[in-house]
Structure formats: C-alpha cells, structure tokens
Amino acid sequence: MSRTRAILVTSALPYANGPIHIGHLVEYIQTDIWARFQKMRGHRCYYVCADDAHGTPIMLRARQEGISPETLIARVAEEHRADFADFRIGFDNYHSTHSPENRYFACLIYQRNLEKGHIASRVITQAYDPVEQMFLPDRFIKGECPKCGAPDQYGDNCEACGASYSPAELKNPRSAISGATPEQRESQHFFFRLGDFEDMLKAWTASGSLQREVANKLGEWFDAGLQEWDISRDAPYFGFEIPDQAGKYFYVWLDAPIGYMASFKHLCDRTEGLSFDEFWAPGSTAEVYNFIGKDIIYFHALFWPAMLHGADFRTPTAVFAHGFLTVDGQKMSKSRGTFIKARTYLDHLNPEYLRYYFAAKLGPGVEDIDLNLEDFTARVNADLVGKLVNIASRCAGFLSKRFDGRLSGEVADPELFASFVRAGESIADAYERRELSRAARDVMGLADRANQYIDERAPWVVAKQAGRDRELQDICSMGLNLFRLLIGFLRPILPGTAEAAEAFLRIPPLTWDVLPEPLVDHEIAPFKPLMTRVEPAQIAAVLEASREDLASQDARKTKPHETRTEGHLVREPIGETIELADFARVDLRVARIAAAEAVDGADKLLRLTLDLGGETRTVFAGIRTAYRAEDLVGRSTVMVANLAPRKMRFGISEGMVLAAGPGGSEIYLLGVDAGAEPGMRVR
RNA sequence: GGCUACGUAGCUCAGUUGGUUAGAGCGCAGCACUCAUAAUGCUGAUGUCGGUGGUUCAACUCCACCCGUAGCCA
C-alpha cells in the first residue's frame, strides 16, 4: 500500500443559532465516512469542526432570550455535540469560533494582510436603526418591493417578483428588529482586496482543487471581476474587535473558516507530537480538505484561499462541495413535518440507517440528494437487514450450536474469498474519490454473492446428514469470513454496526490492511441481532414529532412577542373598522376541492375545481409554491363565492380560496371542521 | 433575467472517450428453499433514455432551441 498520508479534514461550521437537522447531516456524514475511511487505511487523518458562534443573529437571539451570547452559544454547542456524537460523527476535535485560538488566527491573518496592503478602508453609507442604535444587515430591513410593491420583502430581493435591489430602494423600509424607519448613516469599513489575488486564485483553481462544476462557477466570477469584500461590522456586534479599531468587529464570515485552523490548533495543543505547522505552513505536504455545502462556495473558493495566501499560510488541497437535501422530492418543510431535526430522528430511528442511505446516494458532485422515505425504508431493510446482517445471522446458529462457536481451520473457497479481497481495492478507490454510492453498491453486489454462496452450499441440508459436520463448519465459516469482509468494507459508513459485528466476531477493530487475512480456527461470540428493520410506524412518528416541534416552537415564539414590535400585526396592521353589513356582502362558502392541477406556464398557480354542492367553480389560486395539486384533492376549504369573475391568461377565475401567510412556501389554506358540507355559507 | 447543474423502467439510481438487442437494486408476477430478524435463491415483464430539430454510417452519449426541476447572482 502507498505511503502514510497526513490529512486534515473539515466540515463547514454549523451556526450556533439553531439545532442540527438532517440537511446538515448530509455533510457531516459524508465527511465522517471519508475521514473514517482514511483512518482505516492507516493514514494520519484528523477531522475537526467547531460551532460558528458570531454575528448579528446570535447577538439578537441572545438578547431576545435575555441571556448573554456566551451562554447561548455554550448551550447550543452542547446540543450540537450531543447530536453529532449520537450520529457517530467522529470529530477529533470540536471547538468554537469564539475561542482564544480563533481570535489569535483571525487577528494574525488580518494583520498580515494589512501589512501587505490587502486591506482597504473607506466610509460607506448604511441603514441604521435609531431605536436599537445599530447598523442593520440587509436581511434585517423589510419593506415594499420597489418593482412590484409586494409588502414585507427583505432588503436584497423580492420573493414575489424576484427583483434584486439594494435596501435603500425599498419603499417604506422598516427595521425588522424595532420596526423603526431606518436612517442612512456613514461608517468606516474595512475591505479585503480580493482582486489582488486573482492570479493566485486562478492558479489555485486550475490546480484541480475544485470540482469541475465549481471551477466553472468560479470562471464566471472571474469574468465578472473580483470585488472587495467588506470584512468589518460596527458595534454592537458579537465577534472579535479588530485590532486598533475600537468599535469595529470582524464580520462573522471572516473568522468562520479560520475556525478550522483554530480547532486544529486546539487539538495540536493537547496532542503529543501533532504539529500545527506541519499542516499549515506554506509548502506543507500535508493534505487539507474542506467539505462544504454548495451555498458557501463563494466564501471557501475565493476569500478563504486568498486570505490564507495573503497571510503566508498554505491553501487547502481541495474544497469539496455537496448539494442540498430534499425530502420526498421537495425542500424540507416544517408544515409537512419533513424539517427533521437530528434529535427528532434519533428519538425514533437508528443513525446507521441514515448514514447508509446518504452514502448510498452521495457522489463526488454537487447534485442535491433526495431522502425518499419509502425508498429509505425499503433500501435499509433490503440491503442492511435482508442482505448484509442476514449473512451472519444464517451462519452463526450452526456454528454456535454444533461447533461451540469455533470457525474451521481453513477457508473453504479461497477463490471466492480472494475475489472479495480484490473487489476491496476498487471499493477503496470509490471511497477515495468520494463515490460513496458506488462503494455502497459494490459492497451490496458482494453481499448478493455471499448469499448465493450460502444458497448453493445449502448448509441446512448438510446439517441433517450424518458425517458431513466438517463440511457444515466450513460453509458457515466461509459465510462469516465473507461477512467480515463486507463489514470491513462498510465500516466507514456503519461504524456502530461494525463495532457490534467486531464484538460478535471477537476481533479488534478492522483496518483495511488486515482484511485479506481470514479468520480461521477462531472462536466467536453468540450471535445477537446486529440491526433491526425500519418500521413505517417509526417514520410516521418522526414526521409527527417534527410537526409537533413546530407547533411548540410557534407557541414559544409568539407568546413573548405579543408585546414586542416584531410579528404579523406589525408587518401588516389590522385594517380599518367595518360594519357587519359590509362583511355580509362577502359570500363565503364551504367548497370541496374536486380537482386540482398545475397550470402550465404559471409556476405559482393551481387550477382548482371547487364543488359547491350543486355547482362547480374554476378558481385559479396562487398557492402552487406551497401545495402540490394531488395533495389538495378531496379537501374542503372556504371560498369567496360572489367575487366578480376575473379573466386570466389561463381562463376565467370564478372566485377565490382563502389562505393565510406571506407567500412562497408559507401559504396556509383554510380548512373546515368535519361535518361542514360543500355550499354551506360561512358567517 | 443571467449563469451553473440536473431530467434514463412505478421508486431510487448506474451508464466510462458516440458503436452490436439500454443496466442494477427496490417494487411487481411466477417458481424454489426454510439455515436466517418473512430474511434468501432462480426465472420473468416493464423504458419512443424530458421534447423538437441538427451533426454523423451510427446519439441516452455531441450541437441548437424549448419544457421542467434545483441552486447561485458576492
């Protein structure tokens, strides 16, 4: 085998503002599998991560809860650590960006870049909240879209019409924190001159550090021209104050990736013989890999290597981006219960399932992956329980009952065993290239072969014939030796199952280089089920609990806020008072949705056929961003029945259905309690 | 809107530089088996490879346009 490599692996730092959910886990599981594989190969591989603990949202959240930011991030860090540990994410160190190490490196990197003239400074004009006495990030300014007039839009772009603009262009802008009208104020900011690094970045990109699609994306950014990056924020801010610049703080995105170094330094300081410089000095031959989501490519493929280079550190060997997770083909949704927190999953399901399922779908590219819950159940049960674990289960009984758990002195089918060992090299190759789905597929192909072997040799027939004891022992020993190889191959993906299997086989933790040595004349422990099947009821429970999470969260959120300045009533105040007669003019009826279909050429519209118990109406409803047509059929809702028909490009709309919410995925159609019949008037 | 990807059997996905009848797993149908957590083995059916044009002796694979999906636009 090749030389021993020194490898440092990181996952992106989760924000210390909320819980880990299964979308996050795609990345941690992918990285963990890769790191475990490298360790199993005998390389010196370190996997570090940290909480990303700075920034305005954390400051505000802490204030809202009436605690210090430090208390908030300590609590969240605790939860994150527990979630990761239970999913068997095997960090060698988990640190925080709010740490002395990170302050040291953030300041060092800034200072060195400053000395070389890569930091500029100038005065900019920015929105300021006079009540809260703070500058407002774009996402904390809301107002009406300057293009289409849609209310309640964020400061950068409009969710209704898709227009992009600057916060200054918003009509009737308000601070999302206090509700006050923002003022424009001047402030001095510091900028990282990214343009200084264009040649260096182009060379770095060309050196194969990025996936093809990502390199394409960078080419686009190069063509557009690299602009300066604002790395400072004004007080009040939760972060590190910039040296010699009182009241100015490093923007959270400056010190976040530096957290990789800080976490590693923290590990080095506690680990005999582990040298920080071996990994981070310029010209280091150690490998450094950053696993990230595709949404943060910009920071990791441009700013991060440029900052490092400007501060005389080595740049990452490669940055690996992955896609997002969808559940049942759609974005994770709180209302559907598919916004599943790590803890909620763990309450009901074995983490090994999800590790395997993600592995079975992950490739080296940036494509999104889908968690199809039906497929998840079928795949885990068929592959892991039916094929893999079953091999051990069907051999173990004979060995313990008839041979005191002792394996034969030789391998019954050396050819077959050797073919498995050979396949291991190609599987290792798949792991190395992050083709986890290929690795999983190949191992399952081998599991099929193992089951075929057992079927061909029919130990249950041999067992009933006198004088064939030795043969029976050979067959079952062979089966277990194949099982041992499969477990070895899957160990990076299924560390918990592998551990249990190792206990069963009474062997030390498997490494890749011991795999070709079969177990002979060896005693095993009595067999215990290594993994149980996924029950559809468990999946249902996870979805149900995820919906409950939302409900309790809502209750928590709205109550203390009633007197606060944020909320629906602030965003959209209650209208002027009307008389009962005014209301009576609106004829509301219970309507059953008899049919629903997407409207071609309109990505927001559904064509609904409403049954009013005597007549039917066609209504075009702008709810497609939140509902699938097939999910609506059969539901009852409320419609305005005497609304003047309106001609639309797609036909005539004969009324409207009632729904709440700001739009996008947050649209909530009104429902009616059981018993209400189509056509009944609502008053 | 611009850009980057993706769109292959009911489902989840493979298909290397264009080349004989397009593959796997799950699901489905039938048969076998009963050692095993009803777990396994064998056999079989199923696809105008998103659409339309084009290049070519030959295209799922290349090109153009269109449709749909996802993301990015600092």
Side-chain angles (χ1 to χ4, degrees), chain A residues 138 147 156-157 161-164 191-192 194 211-221 223-230 251 253 293-299 301-303 321-326 328-331 357 360-363 365-399 401-402 430 435 437-438 440-445 447-464 472 475-476 479 483 527-535 598 600-601 603:
Chain A
D138 291 359
K147 301 262 164 42
D156 44 5
N157 65 57
C161 72
S164 320
F191 294 83
F192 179 64
L194 187 61
Q211 292 137 296
R212 181 183 48 84
E213 311 93 296
V214 177
N216 286 347
K217 195 74 204 169
L218 252 69
E220 212 182 290
W221 288 328
D223 291 343
L226 298 178
Q227 289 174 28
E228 296 188 338
W229 180 40
D230 188 347
Y251 176 40
W253 260 113
K294 63 182 180 179
D295 52 329
I296 55 176
I297 288 171
Y298 198 83
F299 294 101
L302 292 179
F303 300 139
H322 61 79
F324 292 147
L325 179 71
T326 56
D328 284 341
Q330 302 196 41
K331 243 188 251 192
Y357 190 75
K361 301 201 112 177
L362 275 166
V366 297
E367 297 90 41
D368 292 352
I369 66 168
D370 184 47
L371 167 59
N372 180 292
L373 294 169
E374 219 170 285
D375 183 54
F376 170 83
T377 309
R379 186 151 204 164
V380 167
N381 288 343
D383 288 359
L384 296 185
V385 182
K387 286 180 185 175
L388 177 71
V389 162
N390 189 228
I391 296 167
S393 180
R394 61 196 307 202
C395 295
F398 290 120
L399 287 170
K401 269 181 243 157
R402 303 270 289 263
E435 295 175 359
S437 63
R438 182 159 77 82
R441 207 168 43 242
D442 288 357
V443 176
M444 281 311 141
D448 286 342
R449 292 269 288 113
N451 276 308
Q452 282 164 14
Y453 169 82
I454 297 168
D455 259 65
E456 282 161 17
R457 307 297 297 267
W460 56 91
V461 173
V462 177
K464 287 174 189 150
L472 176 64
I475 295 166
C476 294
F483 172 73
F527 182 78
K528 282 182 282 190
L530 296 168
M531 186 182 287
T532 53
R533 298 167 62 80
V534 184
E535 297 300 333
D600 285 341
D603 51 8

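Note that the structure is predicted; figures quoted are calculated from it, not measured. Quick note on labels: first sequence line is chain A, next is B, and so on, each numbered from 1.
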- Item | C1'-based separation of G7(B) from C13(B) [nearest Å] | 13 Å

- Can you tell me, in whole Å, how much space there is between the C1' of A24(B) and that of A70(B)? 26 Å

- Over how many whole Å does the gap from Asp455(A) atom CG to C33(B) atom C1' extend? 7 Å

- Message: Using a 4.0 Å heavy-atom cut-off to protein, can you give one letter per nucleotide of nucleotides 8-14 of chain B, 5' to 3': B if the base is in contact, S if only the sugar-phosphate is, - if neither?
- Response: ---SSSS

- Message: With nearest nucleotide decided by heavy atoms, which residue, Gly397(A) or Phe299(A), maps closer to the 5′ end of RNA chain B?
- Response: Gly397(A)

- Just by modelled atom types, is the Phe324(A) backbone N or O under 3.5 Å from a matching donor or acceptor in the Asp368(A) side chain? yes

- Whole-Å C1' distance, U8(B) and C60(B): 7 Å

- Query: For RNA chain B, what dot-bracket results from Watson-Crick or G-U pairs at under 3.5 Å, with [ ] for crossers and | for inter-strand partners?
  - Reply: (((((((..((((.....[...)))).(((((.......))))).....(((((..]....)))))))))))).

- Is Val389(A) touching bases, backbone alone, or none of the nucleic acid, heavy atoms closer than 4.0 Å? base

- Message: At 4.0 Å (heavy atoms only), tell me whether Pro459(A) reaches a base, stays on the sugar-phosphate, or touches nothing.
- Response: nothing

- Arg457(A) CZ to G41(B) P: how many Å, rounded? 17 Å

- Message: What's the gap between C11(B) and U16(B) when it is taken at their C1' atoms, as a whole Å value?
- Response: 26 Å

- Query: How many angstroms lie between atom NZ of Lys361(A) and atom CG of Asp370(A), to the nearest 0.5 angstrom?
  - Reply: 5.0 Å

- Query: Looking only at heavy atoms, which two atoms of Gly479(A) and Cys395(A) are closest? And how far apart?
  - Reply: CA-SG, 3.8 Å

- Message: Within this structure, what is the CG-CD1 distance for the pair Leu362(A) and Ile369(A), rounded to the nearest 0.5 Å?
- Response: 4.5 Å

- Message: Looking at Arg394(A), I'd like to know whether one of its side-chain N or O atoms comes within less than 4.0 Å of OP1 or OP2 on A39(B).
- Response: no

- Task: Over 60° means perpendicular and under 30° means parallel, so classify the ring planes of Phe303(A) and Trp229(A), tilted if in between.
- Result: parallel

- If the P atom of A14(B) is compared with that of G50(B), how far apart are they to the nearest Å? 14 Å

- Message: Using 0.5 Å steps for rounding, measure from the CG atom of Leu399(A) to the CZ atom of Phe527(A).
- Response: 12.0 Å

- Just by modelled atom types, is the Val534(A) backbone N or O under 3.5 Å from a matching donor or acceptor in the Asn381(A) side chain? yes

- Message: Restricting to non-hydrogen atoms, name the atom on Lys294(A) and the atom on Ala321(A) that form the minimum distance, rounded to 0.1 Å.
- Response: CA-CB, 4.3 Å

- Between CD of Glu535(A) and C1' of A38(B) the distance, given in whole Å, is 12 Å

- Would you indicate what Met531(A) reaches in the nucleic acid, counting non-hydrogen atoms under 4.0 angstrom: base, sugar-phosphate, or nothing? base

- SG (Cys476(A)) and CD1 (Ile391(A)) are apart, to the nearest 0.5 Å, by 12.5 Å

Identify all side-chain donor-acceptor contacts of residues 453-461 of chain A below 3.5 Å with residues at least two apart in sequence or on another chain.
{"from": "Asp455(A)", "atom 1": "OD1", "to": "Arg394(A)", "atom 2": "NH2", "distance (Å)": "3.0"}

- Shortest side-chain distance from Asp295(A), nucleotide among U37(B), C72(B), G41(B): C72(B)

- Determine the Euclidean distance between corresponding P atoms of A38(B) and A5(B); express it in Å to zero decimal places. 48 Å

- Message: Under 4.0 Å, heavy atoms only, any strand: does Lys528(A) hit a base, just the sugar-phosphate, or nothing?
- Response: nothing

- Note on the structure: Separation of G71(B) atom C1' from His322(A) atom NE2, nearest Å, is 13 Å

- Task: Check every strand shown and say whether Leu530(A) touches a base, only sugar-phosphate, or nothing at a heavy-atom separation below 4.0 Å.
- Result: base

- Item | Asn451(A) CG - G41(B) P separation (whole Å) | 5 Å

- Message: Whether Gln452(A) contacts C42(B) is assessed here as follows: a side-chain N or O lying under 4.0 Å from the phosphate OP1 or OP2. Is that the case?
- Response: yes

- Taking only side-chain nitrogens and oxygens of Lys294(A), does any of them come within less than 4.0 Å of OP1 or OP2 of U4(B)? no

- Leu325(A) CG to A70(B) P, in whole Å, measures 15 Å

- Query: Roughly, in whole Å, what's the span from CD1 in Ile296(A) to P in U4(B)?
  - Reply: 22 Å

- In whole Å, what separates the C1' atom of U69(B) from that of C63(B)? 23 Å

- Item | Nearest-nucleotide comparison on RNA chain B, the residue closer to the 5′ end among Lys387(A) and Arg449(A) | Lys387(A)

- Touch check for Gly225(A), heavy atoms < 4.0 angstrom, all strands: base, sugar-phosphate only, or nothing? base

- P-based separation of A64(B) from C6(B) [nearest Å]: 14 Å

- Item | Separation between CG of Leu530(A) and CG of Leu384(A), rounded to the nearest 0.5 Å | 11.0 Å

- Task: Starting at atom CG of Asp383(A), determine the distance to atom C1' of A24(B), rounded to an integer number of angstrom.
- Result: 11 Å

- Message: Nearest 0.5 Å, please: how far is OH in Tyr357(A) from CG in Asn372(A)?
- Response: 5.0 Å

